[in-house]
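Residues: numbered from 1 along the sequence shown.
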Amino acid sequence: MMKHTTAIAFGMALVATPILAEMPRPDGLSALGDAPIPASNPQSDAKVELGKMLFFDPILSGNYAMPCSACHLPDAGWAIQSPISFGYPGTTHWRNSQTIVNSAYYGKLFWAGSSGNLEHQARSAARGGVAGNGEDDMMESRLAFVPEYRERFNDVFGDDWPSIRHAYDAIAAFERTIVQTDTPFDNYMNGDDAALSEQQVRGLDLFAGKAGCIECHNGPLLSDEKYYNTGVPAYSGWEDDEIAQITFRFELYAKGSTEAMYRSTKDDPGLYFRTKETGDKGKFRTPSLRYTAFTYPYMHNGMLETLRDVVDFYNAGGGTNDFADNKSALIQPLGLSDGEVDDLVAFLESLSGEELLVEEPDLPEMQPLPAAMAAN
């Protein structure tokens with residue numbers, strides 16, 4: 001803590017009194033405020049409770065076994081602590097599972113920003129071929145066979161029969177409650193100088209200065225939501241995991257690769273699948289750095305295991321992948337000493353507060369439709 005002294009006169013005496021100077025806060029960073037709520041899907045306690053049930057209920061998946069929580073486990077950072085997320089039974093996924101903590105603040109969901117809101121993200125995950133693999137009409141029909149869901153959908157949305165679109169609205173409403181705004185970093189940015197240790201303050205100075213992290217990790221979310229190729233190496237499983245290889249080829253084909261690209265590509269093209277611009281190969285959306293103490297491993301393919309691995313990666317100037325021509329010019333060796341790396345890692349740890357856990361809900365069961373309803 002910086003200190004200055006001033007002399008205050010009491011009669012003839014001069015008393016040296018310490019004055020605590022407020023620590024500087026870097027421009028471009030701020031504490032996280034309340035989560036934005038879209039006017040098209042207002043919150044209510046009943047909607048959030050329904051969304052929580054549906055988040056944990058495997059009813060919204062192809063084989064009745066893959067709820068949202070299968071790939072977003074509360075005790076695993078609301079993600080999966082494995083390089084690649086779990087896949088639909090018999091498959092594997094092909095990218096790292098991102099946490100839903102603070103996902104309410106994103107304007108771009110998924111690693112390549114293919115969804116613009118949580119409602120669309122829930123639908124895409126439930127229907128994804130290597131994720132939920134469900135069909136809307138099938139999942140909607142299942143919901144109708146659960147008396148409690150019929151009642152809750154009617155109370156919340158006025159549905160005579162549960163609407164799958166409203167199911168995604170409810171899940172999104174629940175996810176908007178999984179936020180963390182009281183980290184040591186937030187408390188510091190809100191004026192509490194004691195919220196960060198001296199080492200973490202040094203790390204913050206590096207983050208905003210010499211290390212240049214703030215170039216991409218800025219704003220209250222600590223993400224500019226832009227796309228970069230930082231040289232993350234290809235997922236190692238594509239070399240020796242047969243199921244992962246099948247998934248990778250499926251995704252290449254499903255997302256519109258050319259024949260030549262399908263035959264030769266050995267790395268994730270990222271944003272290219274959305275834009276079909278060669279210069280976008282290997283680019284991914286900047287992830288938030290919040291809650292990262294619980295969301296290891298890191299990067300779109302989980303190739304970096306710890307926060308120190310991440311800092312070491314950038315300190316070395318990133319890595320090399322199959323799309324090296326697109327590597328961002330921002331990624332250069334940083335020249336951080338071992339002590340500075342320690343300081344930066346300590347600051348990154350301040351971006352996570354206490355682990356967020358919830359009690360899983362009791363889930364209702366299907367029952368035969370009443371004869372009168374079945375007749376209609």
Side-chain angles (χ1 to χ4, degrees), residues 26 28-29 76-77 79-85 95-99 101 111 183-185 196-218 221-224 226-239 266-268 270 281-353:
L29 297 176
I80 296 295
Q81 290 165 347
S82 178
I84 296 296
S85 183
R95 286 178 179 162
N96 181 259
S97 181
Q98 297 188 82
T99 181
V101 175
W111 280 105
T183 68
F185 168 75
L196 298 185
S197 68
E198 291 183 2
Q199 183 182 37
Q200 288 172 330
V201 171
R202 293 197 302 269
L204 172 57
D205 289 341
L206 290 166
F207 185 94
K210 180 178 179 179
C213 312
I214 199 171
E215 286 283 346
C216 306
H217 296 283
N218 49 51
L221 189 58
L222 291 133
S223 169
D224 62 4
K226 295 180 181 179
Y227 303 93
Y228 303 93
N229 178 346
T230 62
V232 177
Y235 173 52
S236 58
W238 290 332
E239 295 294 326
K266 304 297 182 184
D267 200 351
D268 188 339
K281 288 183 177 180
K283 291 184 178 180
F284 295 90
R285 190 215 59 208
T286 305
S288 172
L289 298 179
R290 291 178 170 276
Y291 207 64
T292 45
F294 305 103
T295 61
Y296 51 89
Y298 306 100
M299 306 305 192
H300 67 275
N301 54 15
M303 285 294 93
L304 300 180
E305 185 173 351
T306 68
L307 286 174
R308 188 177 184 91
D309 290 339
V310 173
V311 175
D312 285 341
F313 173 82
Y314 285 113
N315 195 30
T320 302
N321 56 34
D322 287 2
F323 313 113
D325 291 345
N326 295 335
K327 185 175 177 180
S328 172
L330 293 173
I331 308 302
Q332 301 290 337
L334 303 178
L336 301 179
S337 68
D338 287 345
E340 288 174 324
V341 170
D342 291 339
D343 292 346
L344 188 51
V345 171
F347 167 68
L348 294 177
E349 291 171 347
S350 79
L351 302 175
S352 302

> Measuring only between side-chain heavy atoms, which start at C-beta, is M299 closer than 4.5 Å to F313?
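M299 reaches F313 side chain to side chain.
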> Mind listing the closest non-hydrogen atom pair of E215 and N218 along with its distance?
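Smallest interatomic distance, heavy atoms only, reads O-ND2, 3.2 Å.
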> Counting neighbours of NZ on K226 that are heavy atoms of other residues, nucleotides or ligands and sit closer than 6.0 Å, is the number greater than 12?
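Open: at most 12 neighbouring heavy atoms sit under 6.0 Å from NZ of K226.
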> So, for T295 and G77, which heavy atoms are closest and what is the spacing to 0.1 Å?
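Taking every non-hydrogen atom into account, CG2-O, 3.7 Å.
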> How close do P297 and Q81 get, heavy atom to heavy atom, and via which atoms?
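For P297 versus Q81, the nearest heavy atoms are CD-C, 3.7 Å.
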> Answer whether the closest heavy-atom distance between the side chains of Y314 and L336 falls below 4.5 Å.
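With C-beta onward as the side chain, the pair stays apart.
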> Check step by step if side chain to side chain contact (heavy atoms under 4.5 Å, CB included) holds for F185 and L29.
CA-CA 10 Å; F185 168 75; L29 297 176; 4.1 Å; yes
> Give me the atom names and distance for the closest heavy-atom approach of L344 to A211.
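Smallest interatomic distance, heavy atoms only, reads CD2-CB, 3.9 Å.
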> Please check: side-chain N/O of N315 versus main-chain N/O of V341, any donor-acceptor pairing under 3.5 Å?
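Not at all, since once roles are kept as given, no pair shorter than 3.5 Å links the two residues.
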> Holding to side-chain contact (heavy atoms from CB on, under 4.5 Å), I want the full list of residues that pass it with E349, two or more places apart in sequence or in another chain.
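Applying side-chain contact (heavy atoms from CB on, under 4.5 Å) to E349 gives L307, V345.
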> Is it the case that the side chain of K327 and the backbone of G319 share a donor-acceptor pair, with hydrogens and angles ignored and the cut-off at 3.5 Å?
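At least one qualifying donor-acceptor pair exists.
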> Looking at every heavy atom in both F294 and G353, which two are closest together, and how far apart are they?
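Heavy atoms of F294 and G353 come nearest at CE1-O, 3.5 Å.
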> With side chains defined as the heavy atoms from C-beta onward, is the minimum distance between R202 and S197 less than 4.5 Å?
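Side-chain contact under 4.5 Å: no.
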> Look only at the side chain of S352 and the backbone of T292, and say whether a donor-acceptor pair between them is shorter than 3.5 Å.
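Judged by distance alone, yes, a pair lies under 3.5 Å.
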> I'd like to know if the side chain of N301 reaches the main chain of P233, judged simply by a donor and an acceptor atom lying under 3.5 Å from each other, with no hydrogens or angles considered.
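A pair under 3.5 Å: yes.
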> Do you know the tightest heavy-atom contact between N96 and I84?
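So the minimum-distance heavy-atom pair works out to N-CD1, 4.1 Å.
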> Please lay out, stage by stage, how L206 and F347 fare under the test side chain to side chain contact (heavy atoms under 4.5 Å, CB included).
CA-CA 9 Å; L206 290 166; F347 167 68; over 6 Å; no
> Going by side chain to side chain donor-acceptor pair (under 3.5 Å), name the residues that satisfy it together with S236, two or more places apart in sequence or in a different chain.
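Partners of S236 under the side chain to side chain donor-acceptor pair (under 3.5 Å) test: none.
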> Closer than 4.0 angstrom, basic N to acidic O: yes or no for D342 and R308?
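Here D342 pairs with R308 in a salt bridge, since their nearest N and O are under 4.0 Å apart.
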> To the nearest 0.5 Å, what is the distance between OG1 on T99 and OH on Y291?
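Going from OG1 on T99 over to OH on Y291, the span is 6.5 Å.
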> Less than 4.5 Å apart, any side-chain heavy atom of R95 and any of S85?
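Contact flag for R95/S85 side chains = no.
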> What do the steps show when you test V311 against L348 for side chain to side chain contact (heavy atoms under 4.5 Å, CB included), and what is the final call?
CA-CA 10 Å; V311 175; L348 294 177; 3.7 Å; yes
> With rounding to the nearest 0.5 Å, note down the distance linking OH in Y298 to CG in D309.
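Going from the OH atom of Y298 to the CG atom of D309 covers 9.5 Å.
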> If I take atom NE2 from residue H300 and atom CZ from residue F284, how far apart are they, to the nearest 0.5 angstrom?
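Answer for the NE2-CZ pair, H300 versus F284, is 3.5 Å.
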> With heavy-atom distances below 4.5 Å as the criterion, would you say the side chains of Y235 and D268 are in contact?
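Not touching, per the 4.5 Å side-chain cut-off.
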> How long is the gap from OG1 on T286 to OH on Y227, to the nearest 0.5 Å?
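Result: 9.5 Å between the selected atoms.
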> Under a 4.5 Å cut-off applied to non-hydrogen side-chain atoms, are W111 and Q98 in contact?
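Result yes, sub-4.5 Å side-chain heavy-atom pair found.
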> Keeping N321 on the side-chain end and V232 on the backbone end, is there a donor-acceptor pair under 3.5 Å?
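A pair under 3.5 Å: yes.
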> Evaluate the criterion side chain to side chain contact (heavy atoms under 4.5 Å, CB included) for residue pair Y228 and I331; output intermediate values, then yes/no.
CA-CA 10 Å; Y228 303 93; I331 308 302; over 6 Å; no
> So, taking the atom named NE2 in H217 and the one named CG in D224, what distance separates them when rounded to the nearest 0.5 Å?
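Output value for this atom pair is 8.0 Å.
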> Short question: side chain of K266, backbone of W238 - any donor-acceptor pair under 3.5 Å?
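Side chain of K266 to backbone of W238, a donor-acceptor pair under 3.5 Å: no, none is there.
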> Return the OG to CZ distance between S223 and R290, rounded to the nearest 0.5 Å.
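Answer rounded to 0.5 Å: 11.5 Å.
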